[in-house]
**Student:** 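One structure follows; several queries about it will come next.
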Amino acid sequence: MKFDKPTQNFWGGYWREIKNGRSFEVFNPASGEVCARVAEASRDDVQSAIDAAAVAGESWAGLAHTKRAGFLLKAADIMEERRQDFVDALVQEGGSWVGKAMFETAYSIEALRAAAAMVFHMNGEILPSEYGKLSMAVREPLGVVSVISPWNFPLLLTVRGFAVAMAIGNTIVLKPSEESPLSGGLLLAEVLEAAGLPAGVFNVVTCSRDGISGLGDELVVNPAVRGISFTGSTEVGRHIATLAGSLLKKACVELGGKDALIILDDADLGKAVNAATFGTYMHQGQICMSVERIIVHEAVADEFTRRLVANVKTLGVGDPASMDHVIGPLINEKQLENVHGQVTEAIEKGATLLTGGKFRDLFYEPTVLSGVTRDMKIFREETFGPVAALITVDDAEEAIAVANDSDYGLSAGIFTADEQHGMEVARRLETGMAHINDSSVNDEAHAPFGGVKNSGQGRQNGKASVEAFSELRWITLERGGRQYPPPFNEKI
Ligand code: NAD
């Protein structure tokens with residue numbers, strides 16, 4: 001992985017030495033080796049980056065919308081040329097299976113192009129006016145938007161966090177995850193620099209987990225920051241949203257999940273097994289909308305379980321740089337402890353281990369547990385690991401009740417041959433998203449993405465991002481029809 005600026009961050013159009021000259025190590029979770037060194041920014045550096053974004057704001061927002069779109073399209077072309085650098089970074093610092101890294105890179109390029117098109121959707125409205133005025137609702141960018149992104153889909157979720165916001169005239173200060181600073185930010189800065197983006201429009205600061213307490217709040221409380229795009233855990237997202245709310249700033253927070261996949265008695269079991277396997281094990285289960293609970297009708301539970309276990313046993317585990325190893329490492333020790341702790345507790349409380357349950361270094365075997373009950377941590381807390389947790393129910397009513405018994409509400413999947421019934425079930429699930437005859441893992445660059453309950457607040461992608469990162473203003477032009485009460489008028 002090529003990166004030769006271990007003490008530099010990017011703001012105001014230049015790579016700058018950070019103030020204290022310090023750096024931190026980024027580890028490859030598959031090998032445990034250091035794969036990069038990047039800058040450990042301080043609060044002063046973050047302030048400088050925000051200042052640069054604020055200075056750039058007016059001219060960027062004032063630029064013709066087609067010109068702004070042009071920079072995003074150019075960046076997409078450059079990313080395409082540098083596709084392999086992104087794939088390498090995703091595999092090395094993120095532990096991504098190479099197939100996932102290729103998909104994520106290609107999809108992020110597509111998302112940049114989709115974001116460019118959103119410049120044509122900063123639409124307002126002409127309103128009827130009581131007085132015959134020209135009355136308009138117009139959209140304007142917020143100003144500086146802070147983007148804080150996670151490590152699990154670092155490239156895509158960073159692009160989702162900033163691209164539409166930037167296209168419609170905001171300027172950006174990005175802080176990628178400490179686990180994935182290259183694929184989540186620094187490589188994007190190189191791309192946008194090469195695209196000739198005006199100075200200060202896109203800025204990146206990096207810091208370690210230890211360093212975040214000193215500068216994280218600055219990304220929210222700095223008076224120049226008017227919007228926040230956060231993707232990450234519920235715990236940190238709540239802190240960010242609370243801080244932003246106290247200052248009356250707009251914050252879109254995309255958080256954790258505990259998604260259910262419901263398999264009803266008339267489901268196509270072949271499709272359901274494939275969706276369950278993909279949804280549970282893609283990227284070792286480290287996706288916000290991973291299938292974390294499989295709720296299966298008792299009439300098909302035995303057959304579904306047998307076929308799922310057989311399929312799971314075919315998944316290759318090992319170095320994710322190989323196409324054969326769809327299961328790579330978990331991101332770090334903390335995640336490993338969380339996953340194994342939940343599996344162990346579930347078994348102690350009566351769940352049956354059907355396969356997996358063991359690990360070597362950070363590689364956790366794809367695991368299936370049946371007989372999961374509501375008193376287990378694995379039922380309630382985000383696992384973020386390659387574990388299928390099976391719960392058997394008597395009917396669709398119970399399936400809905402079990403699925404809704406969660407503090408989270410991100411996405412869901414429902415398998416049934418009866419499309420009408422599938423729609424009814426989908427409407428009753430307390431989630432931001434629901435997919436009939438598909439996995440809960442779904443995303444398209446123009447579709448409103450987001451959760452309810454502890455899974456977040458606000459929506460991203462396409463028009464939803466335009467709404468999230470713009471202000472709707474009312475502007476009128478009076479043309480002689482407005483009369484004030486006579487006592488207020490000039491007496492001539
Ligand atoms: P995290 O909350 O630990 O970190 C997310 C980002 O916040 C990182 O950049 C981190 O450095 C930063 N951060 C941490 N503390 C901060 C603070 N005090 N102030 C400012 N920034 C701070 O999450 P993670 O471990 O990187 O990601 C995994 C979590 O993200 C999971 O819970 C997953 O479900 C969630 N996630 C949600 C979505 C979604 O769209 N809903 C997508 C991906 C991941």
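Fair warning: this is a prediction, and the values are worked out from it, not measured in the lab. Heavy-atom basis, side chains included; hydrogens, waters and symmetry copies ignored. Atoms within each ligand, like the ligands themselves, are counted from 1 in listed order.
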**Student:** Does the side chain of Asn338 pick up a donor-acceptor pair with the side chain of Thr383 at under 3.5 Å?
**Tutor:**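 Side-chain D/A pair, Asn338 to Thr383: absent.
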**Student:** Would you call the rings of Phe71 and Trp60 parallel, tilted or perpendicular, where under 30° means parallel and over 60° means perpendicular?
**Tutor:**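 Rings of Phe71 and Trp60: tilted, 30 to 60°.
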**Student:** Would you verify whether the NZ or CZ of Arg37 falls within 45 degrees of the ring axis of Phe24 while also being under 6.0 Å from that six-membered ring's centre?
**Tutor:**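 Judged by the rule (NZ or CZ under 6.0 Å from the ring centre, within 45° of its axis), Arg37 is not positioned above Phe24.
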**Student:** Relative to Phe363, does Arg360 satisfy both conditions: NZ or CZ under 6.0 angstrom from the six-membered ring centre, and within 45 degrees of the ring's axis?
**Tutor:**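 Yes, a cation-pi geometry holds between Arg360 and Phe363.
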**Student:** Which bit of Phe153 gets closer than 4.0 Å to ligand 1, counting heavy atoms only: side chain, backbone, both or neither?
**Tutor:**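 Neither part.
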**Student:** Quick one: does Arg209 get an N or O within less than 3.5 Å of an N or O on ligand 1?
**Tutor:**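 Yes; at least one N/O pair falls below 3.5 Å.
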**Student:** Consider every N or O of Ser149 and every N or O of ligand 1, then say whether any pair is closer than 3.5 Å.
**Tutor:**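 Right, the criterion is met.
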**Student:** Any nitrogen or oxygen of Leu255, main chain or side chain, under 3.5 Å from a nitrogen or oxygen of ligand 1?
**Tutor:**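 Yes, there is a polar N/O contact under 3.5 Å.
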**Student:** Please state which option from Ser233, Gly211, Pro176 has its nearest heavy atom closest to atom 29 (C) of ligand 1.
**Tutor:**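 Nearest option to atom 29 (C) of ligand 1, by heavy atoms: Ser233.
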**Student:** Do Arg293 and Phe379 meet the cation-pi criteria used here (NZ or CZ under 6.0 Å from the six-membered ring centre, within 45° of the axis)?
**Tutor:**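 Yes, Arg293 sits over the ring of Phe379.
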**Student:** May I ask you to decide if the ring planes of Phe202 and Phe162 are parallel, tilted or perpendicular, using 30° and 60° as cut-offs?
**Tutor:**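 Plane angle between 30° and 60°, so tilted.
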**Student:** Ligand 1 versus Glu218, non-hydrogen atoms closer than 4.0 Å: side chain, backbone, both, neither?
**Tutor:**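 Under 4.0 Å from ligand 1, Glu218 contributes no heavy atoms.
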**Student:** As an exercise, identify every atom of ligand 1 less than 4.0 angstrom from a heavy atom of Ile240.
**Tutor:**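 What qualifies from ligand 1 is 19 (N), 20 (C).
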**Student:** Side chain or backbone of Asp217 under 4.0 Å from ligand 1, or both, or neither, by non-hydrogen atoms?
**Tutor:**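 It is neither part, as no heavy atom is under 4.0 Å.
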**Student:** For ligand 1, which part of Leu157 has a heavy atom less than 4.0 Å away: the side chain, the backbone, both, or neither?
**Tutor:**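 Just the side chain.
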**Student:** Which one holds for Thr231 and ligand 1: side chain close, backbone close, both close, or neither close, with close meaning a heavy atom under 4.0 Å?
**Tutor:**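 It is both parts that get close, each with some atom under 4.0 Å.
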**Student:** For ligand 1, indicate whether the residue Thr234 contacts it via side chain, backbone, both or neither (heavy-atom separation under 4.0 Å).
**Tutor:**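 Neither; no heavy atom under 4.0 Å.
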